[in-house]
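Input: a single structure, listed below in structure tokens.
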2 protein chains.
Amino acid sequence: MTTGIRHDEMRKRNRALVIAAVRRADQPSRTEIARLTGLSHSTISAIASDLIEEGIMREIGQGEAAPARRGRPQVALGLDPEAATVVCLHLSFNSLSAVLVDYCGRVIDTKAHRLSTLTLSRQALLDAAVSAVREIACGREGFLRIAFAVQGITDAAGRQMLWSPITPHSDIAFGPELEAAFGVPVTVQNDCNMIAAALRWRNPERYRDNFIALLLSQGIGMGLMLNGQLFTGTHSSAGEFGHMIHRPDGALCRCGRRGCIEAYAGNYAIWRKAHGKSAMEKPIADIKAGEMEALAAMARRGDGPARQAFREAAEAIGIGIGSLFALIDPAPVAMVGQGTAAFDILEPEIRAALAQTAGGQHAEDVSFETWPDEVPFIQQGCAMTALTGLDWEVFGPGLRPGAGGRKPEDGRVVA
Amino acid sequence: MTTGIRHDEMRKRNRALVIAAVRRADQPSRTEIARLTGLSHSTISAIASDLIEEGIMREIGQGEAAPARRGRPQVALGLDPEAATVVCLHLSFNSLSAVLVDYCGRVIDTKAHRLSTLTLSRQALLDAAVSAVREIACGREGFLRIAFAVQGITDAAGRQMLWSPITPHSDIAFGPELEAAFGVPVTVQNDCNMIAAALRWRNPERYRDNFIALLLSQGIGMGLMLNGQLFTGTHSSAGEFGHMIHRPDGALCRCGRRGCIEAYAGNYAIWRKAHGKSAMEKPIADIKAGEMEALAAMARRGDGPARQAFREAAEAIGIGIGSLFALIDPAPVAMVGQGTAAFDILEPEIRAALAQTAGGQHAEDVSFETWPDEVPFIQQGCAMTALTGLDWEVFGPGLRPGAGGRKPEDGRVVA
DNA sequence: CCCATTTTTTCGAGCTTCGAAAAAAAGAAT
DNA sequence: ATTCTTTTTTTCGAAGCTCGAAAAAATGGG
């Protein structure tokens with residue numbers, strides 16, 4: 001709370017709240033919106049007719065689930081899918097996918113591209129992003145926003161990619177480049193944060209204020225929701241769980257340092273250990289899912305080096321989670337990505353390691369959910385981030401021109 | 001944003017904002033409040049006259065720093081010190097202190113008690129807290145709130161102390177006990193979080209949205225400000241930096257586990273190592289400041305075991321900070337407590353360890369501030385927490401009766 | 001065909017904020 | 001001493017928003 005509330009601000013918030021309620025609930029009636037928001041029926045009626053007139057919302061006849069009840073039937077409301085479209089991009093190792101999404105969150109079109117991220121120049125990566133957007137949006141009326149998810153570290157402001165394992169270039173300014181090309185707001189965010197956003201959207205019962213999304217794959221990524229907000233640090237996107245130190249001066253990590261969690265739990269680390277290589281052996285960029293499956297099968301069969309490799313991976317993850325829990329308290333954990341295919345091997349060892357830590361005091365209460373495929377989460381997280389951003393920034397204030405409003409000067413009040 | 005804003009809510013927020021502005025600024029005029037809050041002069045005038053009439057604020061003649069300027073002179077405003085008082089308690093090893101603070105944050109009275117926390121019964125500790133409050137408030141008109149800071153882990157709701165190194169008892173319900181005895185709201189919070197609150201209050205330029213307060217003493221404590229809010233977990237107060245795992249299966253910690261950061265960096269760990277004892281030796285509860293000073297002096301003289309002990313402590317702290325930075329991004333760090341007396345020895349080694357971690361990439365940019373005495377911070381943090389709570393909850397809504405207002409039912413909207 | 005029931009809209013009342021103008025309070029100028 | 005200038009503060013009417021009550025709308029039941 002840093003600046004005073006004026007009248008237009010009140011309307012803006014209540015409009016955004018109504019839009020949010022409609023987006024979340026399944027075709028609610030005005031009465032239901034009133035119940036959800038705590039606003040009066042009169043207010044909902046007024047806001048709803050504004051939104052309908054502006055083409056943001058529409059009436060969808062009687063709701064299907066209209067059980068022959070007495071009285072005037074409820075009118076189901078839904079967001080107008082044609083109110084806007086947004087583009088979601090997802091850049092990962094050798095892959096760039098673009099999705100066009102309507103204002104209801106439905107996918108209109110998808111395009112996937114293969115490209116050699118490790119060898120492309122900085123400008124070629126930027127160009128690839130621009131042309132992917134141009135292609136997906138081709139011929140259709142203007143989209144209002146771009147949400148860009150990258151496998152790597154982004155800056156806290158969501159402007160650029162600072163570092164990524166998929167390319168040798170750093171500080172690639174996707175945000176400004178795309179904004180210059182298309183003239184719409186662009187957010188650049190870490191893919192694991194998008195996974196966290198999607199989890200919250202899908203299951204707010206379980207994933208609400210504080211939770212952790214771990215991506216187990218070639219490397220180890222994390223998305224962190226704290227106090228109901230996606231945590232992005234002051235400079236970078238933070239959340240580098242994989243690069244917490246597990247063993248000082250330990251195994252060689254892909255990032256060039258030693259002893260990181262990832263250097264024990266990433267695909268390359270498991271592969272390296274299972275094949276009897278040195279822990280200082282140079283990490284391999286991309287290990288196929290089939291190969292990891294084979295290692296997991298070996299580990300399930302008996303107590304050989306493969307089993308030992310998964311055991312060390314689980315220990316690193318478990319102790320890491322324990323340290324994280326010590327800092328931020330036990331919270332629901334979602335494990336996503338190809339690495340979860342071996343979760344049956346990992347879980348007991350993760351729990352054993354966790355139980356040894358201060359953060360794991362109540363380890364038996366912690367439950368893990370797993371999903372092998374992270375892509376739908378990333379895409380949905382991007383879409384919801386972009387759309388709820390629109391709800392607030394574009395459609396929240398209404399379309400009346402000249403709202404204006406003063407701004408406080410320097411020296412903001414800290415409450 | 002989870003519930004609609006009504007008219008009374010708008011006024012409530014703007015009132016609270018005005019109070020916050022007056023509390024923070026040094027006797028501002030109405031014009032200055034308008035500038036700080038972004039609200040119009042008319043609104044400030046109306047709110048100010050309400051607050052003055054209600055006895056929350058008062059006019060303080062012309063501000064002293066009234067430089068003979070043309071025009072009608074500004075009227076300085078200040079909070080009425082008699083509007084309320086709050087009691088701050090601070091329980092630590094063998095010590096319980098109580099402070100009575102007026103609505104302006106000035107200390108009215110202080111009482112310190114010695115007590116043997118390790119041997120007292122659960123009920124005796126509760127009784128001590130109650131009688132400390134009774135004594136400090138004796139004869140004076142009613143205080144409106146109690147803020148209780150404890151050295152230990154509290155629950156996230158701020159109701160009780162879950163665990164503490166200063167007593168064998170756990171789950172001591174100070175909150176309900178004090179509320180039952182005095183009929184005012186009570187918050188129970190971790191002492192390091194209060195240090196963080198005080199830092200933010202004293203220097204919001206440096207300590208605003210994300211920063212870390214580390215307490216170096218017998219143990220290692222942490223207060224964590226994230227996204228501008230004190231982070232308290234879902235169950236406990238979290239922030240157990242000292243119990244992140246530094247070396248799996250490493251030195252014995254006071255908490256009974258092995259390899260915690262504290263088992264290398266707490267006073268007992270340094271003492272143990274410097275005296276050539278085993279890392280599995282049982283930790284000593286309380287090591288005098290003088291003894292630690294002597295060890296530091298020895299370490300400064302040469303490269304003996306004392307030096308090695310401080311080196312290991314610094315490494316544990318540095319790597320811990322690195323892991324923390326990997327998770328939440330580099331942020332300002334404040335080091336508080338008796339352990340900072342040896343910070344000249346610790347700092348280079350902390351930086352060296354930090355520089356090896358992913359979170360320490362820009363370690364040279366990180367600056368540490370140190371203060372040897374944590375007590376004033378804890379007290380001020382308690383006071384400001386309690387007073388700003390009053391600003392909002394008691395004085396924000398105004399004193400007009402029957403404000404009422406509906407509440408949204410279940411199924412809150414998640415935006 | 002009328003009544004009961006539920007949803008939605010309408011309408012006036014009550015707050016709140018805002019901008020403009022007026023009032024207040026001082027120094028500067030004559 | 002009086003008038004002008006400048007700055008702060010208050011006053012007042014206008015506009016916007018939400019709310020509760022009442023009215024209107026839409027449907028099933030008898």
#### Entry: Between D:dA25 (C1') and A:Arg30 (CZ): distance, integer Å
12 Å
### Interatomic distance where CD1 belongs to A:Ile47 and C1' belongs to D:dC19 [whole Å]
13 Å
### Short side-chain N/O contact from B:Thr31 to OP1 or OP2 of D:dT9, under 4.0 Å
yes
### Query
Taking B:Asn203 for the side chain and B:Tyr207 for the main chain, is one N or O donor matched with an acceptor at less than 3.5 Å?
no
### Atom-pair distance (CD1 on A:Ile33; P on C:dT7), nearest Å
13 Å
### Query
Taking for each residue the nucleotide of DNA chain D with the nearest heavy atom, is it B:Ser42 or B:Ile5 whose nucleotide lies nearer the 5' end?
B:Ser42
### Derivation and outcome, side chain to side chain contact (heavy atoms under 4.5 Å, CB included), residues A:Phe231 and A:Asn210
CA-CA 10 Å; A:Phe231 186 78; A:Asn210 299 291; over 6 Å; no
### Atom pair distance, as rounded to whole Å: CG in A:Asp8 and C1' in C:dG19
14 Å
### Message
Rounded to whole Å, how long is the line connecting atom CZ of B:Arg69 with atom C1' of C:dG27?
### Response
12 Å
### Summary
DNA chain C nearest-nucleotide lookup for B:Thr43 and A:Ile44: closer to the 5′ end is A:Ile44
### Query
When you match B:Met10 and B:Glu59 each to their closest nucleotide on DNA chain D, which lands nearer the 5' end?
B:Glu59
### Donor-acceptor pair, side chain of B:Arg30 and main chain of B:His41, under 3.5 angstrom
no
### Task
Assess whether one donor atom and one acceptor atom, taken from the side chain of B:His41 and the base of C:dG19, lie less than 3.5 Å apart.
no
### Message
Could you tell me how far apart A:Glu9 (CD) and C:dT16 (C1') are, to the nearest whole angstrom?
### Response
14 Å
### Message
I need the single residue from A:Asp80, A:Leu77, A:Ile47 that forms a side-chain contact (heavy atoms from CB on, under 4.5 Å) with A:Ile52. Which is it?
### Response
A:Leu77
## Note on the structure
Taking D:dC19, C:dT17, D:dT5 as options, the one with an atom nearest any side-chain atom of B:Arg6 is D:dC19
### Task
Among D:dT10, D:dT18, C:dC18, find the nucleotide with the atom closest to the side chain of B:Leu39.
C:dC18
#### Entry: B:Arg70 CZ - C:dA24 C1' separation (whole Å)
16 Å
#### Entry: Contact under 4.0 Å: A:Arg72 side-chain N or O vs D:dA24 OP1/OP2
no
### Task
Starting from the 5' end of DNA chain C, give me the residue, A:His7 or A:Ser49, whose nearest nucleotide shows up first.
A:Ser49
### Message
Using only atom types and a distance under 3.5 Å, with no angle test, would you say the side chain of A:Gln27 pairs donor to acceptor with the backbone of A:Gly78?
### Response
no
### Task
Measure from CZ on A:Arg35 to C1' on C:dT7 and round the result to the nearest Å.
15 Å
### Query
Are B:Asn14 and C:dT16 close enough that a side-chain N or O sits under 4.0 Å from OP1 or OP2?
no
